[in-house]
Amino acid sequence: MDIFEKRSLIRAAITRRGHGPPSLNHGTNAPSPLAPDQLLFHNALMLDMRLVRENAAGVQERLATRGAGDEGKIDELLKWDEKRRTLLAQAETLKSQRNRVSKEIGALMAQKKAPEAEAKKAETRQIGDQITQLDKDVAEIEKSRDAILLTIPNLPHESVAIGRSAEDNPVMRHWGEKAQFDFEPKNHIDICERLKLIDFARGAKLSGSGFLLYTNWGARLERALIQYLLDLHTTSHGFTEVSPPYIIGRHCMVGVGQFPKFVDQAYAVQEGMDAGTMGQLYLLPTAEAPVANIHREEILREDQLPIYYCAYSPCFRAEAGAAGVGTRGMIRVHQFDKVELIKIVMPEDGYVELEKMVANAETVLQQLGLHYHVIMLCTGDMGFASAKTYDIEVWAPGQKQYLEVSSCSNCEDFQARRMNLRYKTATGENRFPHILNGSGTALARLFVALIETHQQPDGSIKIPAALQTYLRAEVIKVDSE
RNA sequence: GGAGAGAUGGCUGAGUGGUUUAAGGCGCACGCCUGGAAAGCGUGAUUACCCAAAAGGUAACGGGGGUUCGAAUCCCCCUCUCUCCGCCA
């Protein structure tokens, strides 16, 4: 069987978007899964349109710091916005007229004055035609406007370092030191094969390259880590554990800003297996997607905030275009486990909460005795939805490189707008909360750093004390059964 | 998977084409009354958009479309919930 046959079988049930047959439900003219009008389910905006109107120059300036050229979209956005408001005002005036005349008709009918009523009907009918046209125009304009808005990333916070790429990310701090060995440390692939923690060959046999088969103590270590992480964040850091669906609707992906930009990175469930108005279903790329959306389209009470959620889930990523870059081993895989942290907080608390979240993720590495540093992503390297992001990179001695195991972001109200999540203040005002997400932490790379850091001269792995009660072992040895 | 019944405001619940400007009840807030309460009486209370603001206007009765001068109400599609049957870990 060649590689293409293998891949087509893998994707028989799970296909990337756009490559499957049209669904029966949709007929042969199935709409593009990403038509703008399919992406929005309400009128909330990604960037605050009022802010864009009132301070276009400021918005453009912030966007420009990302170096992606999005600031060029603002002028067109404003053009659509102005046109929309003009037409909307016209339509509403006409509707007001029609409502008034309709009432008069009702009154005439009640008085059995049919001829007069008929005359007014003709008048109203004509107004109605104009309204229909205006409504159509406005809808078109909103479609154009939203198509642009959906592709504009969040504005970076003022405190974020200006830069173009990962090389410009400032290191904020580090903890511990690079582990020293009086022997040549092995990399995780060798360790896994020797200790039979992962069966790379059979994982690939099952699902293709980039899929892992954890075996025996490897599987147990993975499970122990999940359990340890959830326990830590729930009991010590005050998070409420949730366990979300792993298959989620398109609207959730749009809500957190994964779509439309990263649609190629998601595994789509077979076309036709969609959820009606929720649209096409996808395997989650991160638990952030379902968990941040838990309260979408709700109005929370201020006293419900802050909300802290943590969730374990596997994460599925197509990693299209990433082939060949560190693909061997566990560093970049199509499916990995992660414990995710999500916070929904009042805007004034957003940045304090971000620092706390990073500290919560750092605790993991400290307790496991792993050297790491925290970097701030510069404007040019930040994710689409984020206003400010810290990455935690753990040292992997076998790789001789730092691996990203956590990315903690404050998305401010960017996601809340997309999903129309608000909270009501004590004074009765509705506001968008800040939504934060952070890995607490990603498992596959944590696994790598753990076994590479704690490997012993005899090839065994010493288990850190914090993990021993979960794994029920102090060491993993070659002859461990 | 099959059959049926539903979805109305904070909750409950009326409303089968025109003072619905969504009744009534419960709960809520404020006021009157009271020594204080209860009861009673009165007032208020959704969301979004347009408008610099105010005034005003428009829209929303699960979601979308249609009929009509006019739709919570009639028609079509979808989603969700409940009941029964079937299947299933």
Side-chain angles (χ1 to χ4, degrees), chain A residues 23-27 29-31 35-46 48-55 78 80-143 145-146 149 245 248-252 272-281 295-304 413 416-432:
Chain A
S23 94
L24 292 174
N25 295 346
H26 283 139
N29 289 324
D37 56 325
Q38 301 271 305
L39 290 168
L40 283 178
F41 301 89
H42 52 75
N43 277 329
L45 304 168
M46 297 75 242
D48 185 349
M49 203 57 228
R50 186 158 299 175
L51 175 69
V52 175
R53 262 203 305 268
E54 289 169 4
N55 189 7
L78 287 170
W80 288 121
D81 181 57
E82 196 182 331
K83 196 158 186 191
R84 169 179 172 273
R85 282 152 62 214
T86 308
L87 295 189
L88 199 57
Q90 286 175 26
E92 289 185 355
T93 307
L94 289 173
K95 281 178 189 175
S96 177
Q97 274 178 39
R98 183 178 65 182
N99 286 347
R100 202 184 61 238
V101 178
S102 272
K103 272 186 189 163
E104 289 169 16
I105 292 172
L108 288 171
M109 299 290 274
Q111 298 166 37
K112 307 221 187 286
K113 294 182 180 168
E116 288 92 328
E118 283 304 321
K120 294 218 182 242
K121 275 190 197 178
E123 180 190 339
T124 315
R125 216 176 272 134
Q126 199 233 328
I127 296 175
D129 290 345
Q130 292 180 53
I131 293 174
T132 306
Q133 189 54 48
L134 282 169
D135 280 350
K136 231 176 252 175
D137 293 346
V138 169
E140 279 299 314
I141 288 169
E142 285 179 349
K143 210 187 278 183
R145 179 199 62 183
D146 292 346
L149 265 174
I248 56 179
R250 178 173 51 213
H251 63 320
C252 288
M273 304 299 287
D274 71 29
T277 54
M278 288 173 215
Q280 175 71 44
L281 294 170
H295 297 289
R296 63 177 293 123
E297 287 157 56
E298 293 182 22
I299 300 177
L300 301 167
R301 295 187 318 272
E302 183 177 311
D303 62 26
Q304 290 177 273
D413 60 8
R417 286 178 191 283
R418 286 185 161 229
M419 63 181 75
N420 203 21
L421 164 62
R422 289 161 295 168
Y423 74 97
K424 195 179 281 296
T425 63
T427 55
E429 183 194 354
N430 287 338
R431 296 166 72 191
F432 291 105

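Lettering of chains follows the sequences in order, A, B, ..., and the numbering in each one begins at 1. Here the structure is a predicted model, which is why all the values come from computation and not from measurement. Just the heavy atoms: all of them, side chains too, but no hydrogens, waters or symmetry mates, feed the values below.
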- Message: If only side-chain N and O atoms count, and only distance matters, is there a donor-acceptor pair under 3.5 Å linking Arg301(A) with Tyr423(A)?
- Response: no

- Taking atom C1' of rA45(B) as reference, at what distance in whole Å does atom NZ of Lys424(A) sit? 10 Å

- Item | Selected nucleotide, minimal atom distance to Lys95(A) side chain, candidates rU58(B), rG18(B), rC50(B) | rU58(B)

- Under a 3.5 Å limit on both distances, the Watson-Crick or wobble mate of rU83(B) is rA3(B)

- Item | Who pairs with rU21(B) - Watson-Crick or G-U, where each distance is under 3.5 Å | none

- Looking only at atom P, what distance separates rG70(B) and rG65(B), rounded to whole Å? 16 Å

- Separation between the P atoms of rU16(B) and rA23(B), rounded to whole Å: 15 Å

- Message: By nearest heavy atom, map Met109(A) and Asp81(A) onto RNA chain B; which one lands nearer the 5' end?
- Response: Met109(A)

- Message: Tell me whether the count of non-hydrogen atoms from other residues, nucleotides or ligands lying under 6.0 Å of CD in Glu298(A) goes above 12.
- Response: yes

- Message: Suppose you measure atom P in rC84(B) against the same atom in rG27(B); what distance do you get, rounded to whole Å?
- Response: 33 Å

- Roughly how many Å is it from CG in Leu134(A) to C1' in rC50(B), rounded to a whole number? 14 Å

- Answer with base, sugar-phosphate or nothing: what part of the nucleic acid does Leu88(A) contact at a heavy-atom distance below 4.0 Å? sugar-phosphate

- Please report, rounded to the nearest Å, how far the C1' atom of rG9(B) is from the CD1 atom of Ile299(A). 13 Å

- Base-pairing mate for rC88(B) - Watson-Crick or G-U, with both contacts under 3.5 Å: none

- Pairwise P distance, rC28(B) and rG35(B) [rounded to whole Å]: 24 Å

- Message: Distance check, P atoms only: rG62(B) and rU73(B), in whole angstrom units.
- Response: 8 Å

- Query: Under 4.0 Å between a side-chain N/O of Ser96(A) and OP1 or OP2 of rU58(B), yes or no?
  - Reply: yes

- Query: For Gln126(A), does the CD atom have more than 12 heavy-atom neighbours from other residues, nucleotides or ligands under 6.0 Å away?
  - Reply: no

- Message: Please confirm whether the shortest side-chain N or O distance from Arg98(A) to OP1 or OP2 of rG57(B) is below 4.0 Å.
- Response: no

- Message: Need the pair for rU58(B). Rule: Watson-Crick or G-U wobble, both distances under 3.5 Å, any strand; none if unpaired.
- Response: rA48(B)

- Item | Salt bridge flag under 4.0 Å for residues Lys121(A) and Glu118(A) | yes

- Message: Between Arg84(A) and rC50(B), is there a contact of a side-chain N or O with OP1 or OP2 at under 4.0 Å?
- Response: yes

- Who pairs with rG27(B) - Watson-Crick or G-U, where each distance is under 3.5 Å: none

- Query: Side chains of Gln133(A) and Asp129(A): do they bring a donor and an acceptor to under 3.5 Å?
  - Reply: no

- Gap in Å between the two C1' atoms, one belonging to rC32(B) and one to rA37(B), rounded: 15 Å

- Query: Counting side-chain heavy atoms from C-beta on, which of rU47(B), rC50(B), rG18(B) comes nearest to Ser102(A)?
  - Reply: rG18(B)

- Using the C1' atom on both, measure rA72(B) against rU20(B) and round to a whole Å. 9 Å

- Would you call Glu82(A)-Arg85(A) a salt bridge at under 4.0 Å N-O? no

- Message: Taking pairing as Watson-Crick or G-U wobble with both contacts under 3.5 Å, can you name the mate of rU68(B), or confirm there isn't one?
- Response: none

- Message: Expressed as a whole number of angstroms, how long is the span from Arg100(A):CZ to rU19(B):P?
- Response: 17 Å

- Item | rG35(B) pairs with, by Watson-Crick or G-U criteria that keep both distances under 3.5 Å | none

- Side chain of Ala89(A) - closest among rG70(B), rC50(B), rU58(B): rC50(B)

- Message: Output the rounded distance in Å from CD (Glu92(A)) to C1' (rC50(B)).
- Response: 5 Å

- Query: Can you check the Asp135(A) CG to rG66(B) P distance for me, whole Å?
  - Reply: 10 Å

- Could you give the CG-to-P distance, from Leu421(A) to rU47(B), as a whole number of Å? 15 Å

- Query: Given that Lys120(A) and Arg422(A) both sit by RNA chain B, which one's nearest nucleotide is further toward the 5' end?
  - Reply: Arg422(A)

- Do Leu51(A) and Met49(A) touch side chain to side chain, with heavy atoms closer than 4.5 Å? no

- Item | Phosphate-side-chain proximity, Asn430(A) and rU46(B), N/O vs OP1/OP2 below 4.0 Å | no

- Message: What is the separation between atom CD1 on Ile105(A) and atom C1' on rU19(B), rounded to the nearest whole Å?
- Response: 16 Å

- Message: With a 4.0 Å cut-off on N to O distance, would you call Glu302(A) and Lys424(A) a salt bridge?
- Response: no

- Query: Asn99(A) side chain N/O closer than 4.0 Å to the phosphate oxygens (OP1, OP2) of rU58(B)?
  - Reply: yes

- Query: Within the pair Arg85(A) and rC49(B), is there a side-chain N or O less than 4.0 Å away from OP1 or OP2?
  - Reply: no

- Message: Roughly how many Å apart are rG66(B) and rA54(B), using the C1' atom of each and rounding to a whole number?
- Response: 39 Å

